Amino acid sequence: VAVFSAEDYAMMARALQVAERGRGIASPNPHVGCVIVKGGRILGEGHTRLGGRPHAEAEALAACTGSPEGATVYSTLEPCALHAGSRGPACSDLLVAAKVGRVVSALHDPFHGVNGAGHERLRAAGIELDIGLMEAQAREQLKAFLHRVERGRPWVTLKVAASLDGKTALANGVSQWITGAAARRDVHRMRAAACAVLTGIGTALVDDPALTVRDLPPGMTVERQPLRILLDSRLEARDGMKLLMGGNTLIVTSSADEARKQVLRDQGVAVMQAPVEAIKGKVDLAAMLQQLGRYQERGLNHLLVEAGARLNASLLQAGVVDEIVFYAAPSLLGDGARGLFALPELARLEDRIALDIGDVRQVGADLRITAQLQKP
Ligand SMILES: NC(=O)c1ccc[n+]([C@@H]2O[C@H](COP(=O)([O-])OP(=O)(O)OC[C@H]3O[C@@H](n4cnc5c(N)ncnc54)[C@H](OP(=O)(O)O)[C@@H]3O)[C@@H](O)[C@H]2O)c1
């Protein structure tokens with residue numbers, strides 16, 4: 001078992017911090033951070049860039065202000081061993097060629113193209129290798145990527161906003177802007193971090209959301225847009241809807257209306273056929289998520305859901321929600337107002353959906369609660 005020094009911890013903490021710069025933009029690659037250190041001094045650091053290339057190690061090597069020969073490399077994930085071809089050499093080969101002295105990595109990469117081969121290549125080249133420093137932090141940072149690689153479907157975060165009594169809209173449907181400007185900017189930050197944002201046709205027809213990243217918190221800039229996904233079983237989306245404009249939209253449907261699909265494709269909208277669940281005759285959400293886990297070969301790691309009570313409930317009932325982010329506005333909307341989740345009434349308390357609250361904080365005037373679903 002490796003014993004790590006205080007400097008090791010400090011430098012890996014720095015690598016984790018640098019990695020955050022690649023969150024969202026690296027999609028669908030993991031956002032990795034790398035710091036190269038010699039004589040207690042940082043020679044270079046880097047993170048995974050837009051679209052997943054260059055990788056963090058290549059960036060850090062390129063940024064070195066002196067020779068990395070004999071240096072220690074801190075990486076938040078196993079350096080890759082992919083035969084990247086036109087996308088450049090594998091990071092483990094780059095590190096071997098740079099004659100670094102030691103590599104400290106936080107985490108084994110379960111991705112099939114790496115899966116220990118990166119570490120092995122370093123070891124075979126005689127480079128000192130220590131694995132597992134701050135593994136829990138790296139695992140938390142990369143949980144969506146790891147989830148998709150290990151389970152085949154994206155990590156699913158449900159975002160919901162309601163009054164303190166859990167209501168999203170008045171009984172007459174009036175709903176917009178329950179939460180304040182800071183919470184809304186925080187949602188744009190979450191969109192920027194996600195690979196894709198999903199909504200239901202109910203929300204699309206009522207609110208006509210654009211689901212783009214526009215209004216980030218101060219200091220953040222819009223570097224890319226997540227894929228927009230609309231679940232529209234019967235192809236009810238109307239021409240002129242914001243979601244159908246500007247491309248970068250995927251409609252998931254179970255409809256057989258090929259003519260309408262062609263019209264949508266001609267408008268630049270991608271259409272994906274999803275299987276139908278036998279009992280309810282609705283889109284099989286678990287199967288849909290597996291398809292999204294492989295979408296366009298590279299897959300989606302993190303799916304943010306911004307839907308209404310019905311799709312939220314269906315996802316919860318399908319057991320495919322990993323996390324809920326709940327913005328609670330300081331107001332009470334009263335009985336009769338609409339709820340967050342159209343779940344069936346329970347007869348037994350044991351059937352409740354149990355959550356673990358991981359984080360609670362105030363965002364502007366609102367409260368934000370992040371909770372993970374307890375896994376059976
Ligand atoms: N406060 C918030 O955080 C928030 C966020 C978004 C929206 N909203 C509000 O929510 C309201 C809309 O709610 P909503 O429940 O009508 O909209 P929704 O949940 O976004 O979409 C409803 C649609 O989802 C589909 N759906 C559910 N389960 C499905 C499954 N297994 N397979 C395929 N489709 C499935 C249903 O299709 P089928 O008809 O085929 O069953 C239904 O038409 C709006 O007023 C909006 O303002 C609030």
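Just so it is clear, the values below take in all heavy atoms, side chains as well, and ignore hydrogens, waters and symmetry mates. Remember, it's 1-based here, ligands and their atoms both numbered in the order they're listed. Note that the coordinates shown come from a computational prediction; the quantities given were computed from them, not determined experimentally.
For a threshold of 3.5 Å applied to N or O pairs, the pair formed by R234 and ligand 1 contains at least one separation below that value.
When heavy-atom distances to ligand 1 are checked against a 4.0 Å cut-off, D284 has no atom that comes that close, whether in backbone or side chain. At a heavy-atom distance under 4.0 Å, atoms from both the backbone and the side chain of V283 approach ligand 1. When heavy-atom distances to ligand 1 are checked against a 4.0 Å cut-off, V206 comes that close only through its side chain, counted from C-beta outward.
A search for ring pair (Phe, Tyr, Trp, His ring centres under 6.0 Å) contacts involving H147 returns W155, not counting sequence neighbours. With sequence neighbours excluded, no residue forms a side-chain hydrogen bond (donor to acceptor under 3.5 Å, both in side chains) with D257.
Between atom 3 (O) of ligand 1 and the options P209, A161, A274, the minimum heavy-atom separation is to A161. Between the choices K167, K282, R310, the shortest heavy-atom distance to atom 16 (O) of ligand 1 belongs to R310. With S163, A307, S233, S254 as candidates, the residue nearest to atom 33 (C) of ligand 1 on a non-hydrogen basis is S233. Remark: among candidates A342, A318, G308, the nearest residue to atom 8 (N) of ligand 1 is G308, based on non-hydrogen atoms. Distances from atom 12 (C) of ligand 1 to the heavy atoms of I178, T199, T203 put T203 nearest.
Shown in contact with G200 at under 4.0 Å from a heavy atom are these atoms of ligand 1, numbered in order with element: 20 (O), 21 (O).
Heavy atoms only, all atoms of each residue included: R224 and P226 are closest at NH2-CA, 3.5 Å. The two residues A309 and G339 come nearest to each other via the heavy atoms CB-O, 3.7 Å.
Taking a cutoff of 4.0 Å between a charged side-chain nitrogen and a carboxylate oxygen, D8 and R102 qualify as a salt bridge.
L142 and L133 are not part of a single hydrophobic cluster, where members link through side-chain heavy atoms under 4.5 Å apart.
Ligand 1 lies less than 4.0 angstrom from a heavy atom belonging to K159. Residue contact annotation: E277 has no non-hydrogen atom under 4.0 Å from ligand 1.
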